[in-house]
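If you read the sequence from its start, that first residue is 1, and numbering goes on from there.
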Amino acid sequence: MLFAFLRYLGTLVLTLLILSSVSYSILVQDPLNGVLTTPTIYHGYVQYIYNLLQGDFGITYNGGDPLNDIILTVLPPTLELCFTAILLAVLFGIPLGLFGAINRDNAIGISIRGVSALGLSIPVFWIAPLLLYFSAIEGWEISAIGQHNLLYEIKPITGFAIIDVWFIEEHYRTKVIQNVLQHLVLPTLVLTILPTMEITRIIQQRAEYVFSQNYVKTASTRGKSQIQILHHYVLRNTLPLLVPQTTQLFTLVLTQCMLVESTLGWPGIGRWLIEAVTYQDYNSISIGVVVIGLCIIIVNVLSESLSFILDPFNKKGWYAR
């Protein structure tokens with residue numbers, strides 16, 4: 001166990017070094033940052049790492065604002081979309097996967113299996129403008145651009161509009177909450193498609209495997225109902241499989257989120273990075289790569305920790321199946 005922990009720690013350190021190296025290589029592409037390579041690239045890299053550890057991210061060339069403040073402004077909206085989409089994907093994907101496994105031998109199970117495989121290939125950058133156009137033509141209130149109507153002022157306490165809106169003390173707070181939810185619905189629905197299909201596929205495959213085991217067949221012959229079998233055998237041997245897949249799901253949603261933000265005008269880090277690329281703001285691009293990488297690493301550490309708590313010696317083989 002100690003050896004496994006040291007190996008994971010070494011992998012984590014190596015990943016951080018690679019991430020910082022990529023970020024530094026982007027930064028020095030700008031001629032204005034040539035001073036970072038003096039007297040040598042090695043010394044400049046060490047100084048760059050020291051500045052990052054001190055929390056000094058520098059300034060953006062597009063306005064001269066501190067990158068620390070900008071990151072705290074654009075990162076929470078992206079995380080808000082990611083977490084909301086993953087939550088909905090879990091709520092939709094688990095029942096769909098279980099329903100498909102229960103009906104694995106008929107057309108329903110085969111259809112769910114096919115739709116989940118097909119849904120993973122849907123391009124969200126194509127779905128997002130279509131849904132926005134259709135909702136606008138039909139006059140739906142969810143056809144909204146941005147995080148909320150700019151007429152409403154929401155004080156940034158946590159950075160998450162869905163949370164900060166509850167701290168408004170104005171008499172029209174209910175209207176502001178409704179407006180925030182209306183703006184959140186469309187991008188969340190678009191982002192939910194891919195993780196829902198992935199969770200459905202994982203749950204259905206695992207549940208079908210559990211249903212094929214002898215102890216489940218024995219329980220069925222002894223008169224246990226479908227609900228009892230699901231509760232005592234299938235769920236306990238299926239749901240923990242989602243824990244080690246958390247990093248993959250989060251990365252999938254995060255990459256798609258960066259495309260959806262540009263289409264729907266969501267003020268997140270993806271849209272900000274695309275604008276930084278347009279203006280060739282190497283400082284912003286460099287720090288954006290570091291922040292996104294750190295978010296994925298943090299999610300991975302939490303996922304691995306929870307997996308270890310659930311199965312310290314990996315005896316149940318959730319990773320293998």
Please determine whether residues [X] and [Y] belong to a single hydrophobic cluster, defined as Ile, Leu, Val, Met, Phe, Trp and Tyr linked transitively by side-chain heavy-atom distances below 4.5 Å.
{"X": "I227", "Y": "L98", "answer": "no"}
{"X": "L52", "Y": "L72", "answer": "no"}
{"X": "V190", "Y": "L87", "answer": "no"}
{"X": "I70", "Y": "I157", "answer": "yes"}
{"X": "L131", "Y": "I137", "answer": "no"}

Determine the minimum heavy-atom distance between [X] and [Y], stating which atoms define it.
{"X": "I127", "Y": "I193", "value": "CG2-CD1, 4.1 Å"}
{"X": "T263", "Y": "A128", "value": "CG2-CB, 4.0 Å"}
{"X": "G268", "Y": "T78", "value": "CA-OG1, 3.2 Å"}
{"X": "V165", "Y": "I154", "value": "N-CG2, 4.1 Å"}
{"X": "L252", "Y": "P195", "value": "CD2-N, 4.3 Å"}
{"X": "P267", "Y": "Q147", "value": "CG-OE1, 3.7 Å"}

Decide yes or no for [X] and [Y]: does some side-chain heavy atom of the first lie under 4.5 Å from some side-chain heavy atom of the second?
{"X": "I298", "Y": "L302", "value": "yes"}
{"X": "L259", "Y": "Q256", "value": "yes"}
{"X": "R206", "Y": "V210", "value": "yes"}
{"X": "F83", "Y": "F250", "value": "yes"}
{"X": "I229", "Y": "V216", "value": "yes"}
{"X": "V115", "Y": "M197", "value": "yes"}
{"X": "S20", "Y": "Y45", "value": "yes"}
{"X": "L16", "Y": "L294", "value": "yes"}

Please report the C-alpha distance between R271 and E275 in whole Å, then the side-chain angles of each, then the deciding distance to 0.1 Å, and finally whether the salt bridge (charged side-chain N to carboxylate O under 4.0 Å, His left out) criterion is met. CA-CA 6 Å; R271 180 186 176 190; E275 292 178 353; 3.7 Å; yes

Using the rule side-chain hydrogen bond (donor to acceptor under 3.5 Å, both in side chains), only one of T246, T247, T15 pairs with N300; which is it? T247

Checking side-chain contact (heavy atoms from CB on, under 4.5 Å) between I285 and each of V277, L27, I274, which is the one that passes? V277

Measure the [atom1]-[atom2] distance between [X] and [Y] for me, rounded to the nearest 0.5 Å.
{"X": "I203", "Y": "L241", "atom1": "CD1", "atom2": "CG", "result": "6.5 Å"}
{"X": "T218", "Y": "N214", "atom1": "OG1", "atom2": "CG", "result": "6.0 Å"}
{"X": "K175", "Y": "I168", "atom1": "NZ", "atom2": "CD1", "result": "13.5 Å"}
{"X": "L242", "Y": "I199", "atom1": "CG", "atom2": "CD1", "result": "6.0 Å"}
{"X": "L81", "Y": "I162", "atom1": "CG", "atom2": "CD1", "result": "10.5 Å"}
{"X": "I71", "Y": "W272", "atom1": "CD1", "atom2": "CH2", "result": "4.0 Å"}

Any side-chain donor-acceptor pair under 3.5 Å between [X] and [Y]?
{"X": "T158", "Y": "D164", "value": "yes"}
{"X": "Y209", "Y": "T238", "value": "no"}
{"X": "Y279", "Y": "S284", "value": "no"}

Residues H232, Y215; criterion side chain to side chain contact (heavy atoms under 4.5 Å, CB included); working and verdict: CA-CA 11 Å; H232 291 287; Y215 61 86; over 6 Å; no

So does [Y] get a backbone contact from the side chain of [X], meaning a donor-acceptor N/O pair under 3.5 Å?
{"X": "S303", "Y": "V299", "result": "no"}
{"X": "W266", "Y": "V260", "result": "no"}
{"X": "E80", "Y": "I163", "result": "no"}
{"X": "N179", "Y": "H148", "result": "no"}
{"X": "N68", "Y": "G55", "result": "yes"}

Applying side chain to side chain contact (heavy atoms under 4.5 Å, CB included) to Y48 and S23, what does each step give before you reach the verdict? CA-CA 10 Å; Y48 176 67; S23 174; 2.4 Å; yes

Go through the steps to decide whether M258 and I292 satisfy the test side chain to side chain contact (heavy atoms under 4.5 Å, CB included), and finish with yes or no. CA-CA 11 Å; M258 299 178 69; I292 292 176; 4.0 Å; yes

Which other residues belong to the hydrophobic cluster containing Y50, where Ile, Leu, Val, Met, Phe, Trp and Tyr are joined when side-chain heavy atoms lie under 4.5 Å apart, directly or via other members? none

Step through the shown structure and confirm whether more than 12 heavy atoms of other residues, nucleotides or ligands are within 6.0 Å of CD on Q228. yes

Step by step, work out the side chain to side chain contact (heavy atoms under 4.5 Å, CB included) result for I110 and R113. CA-CA 5 Å; I110 297 175; R113 190 182 303 110; 3.8 Å; yes

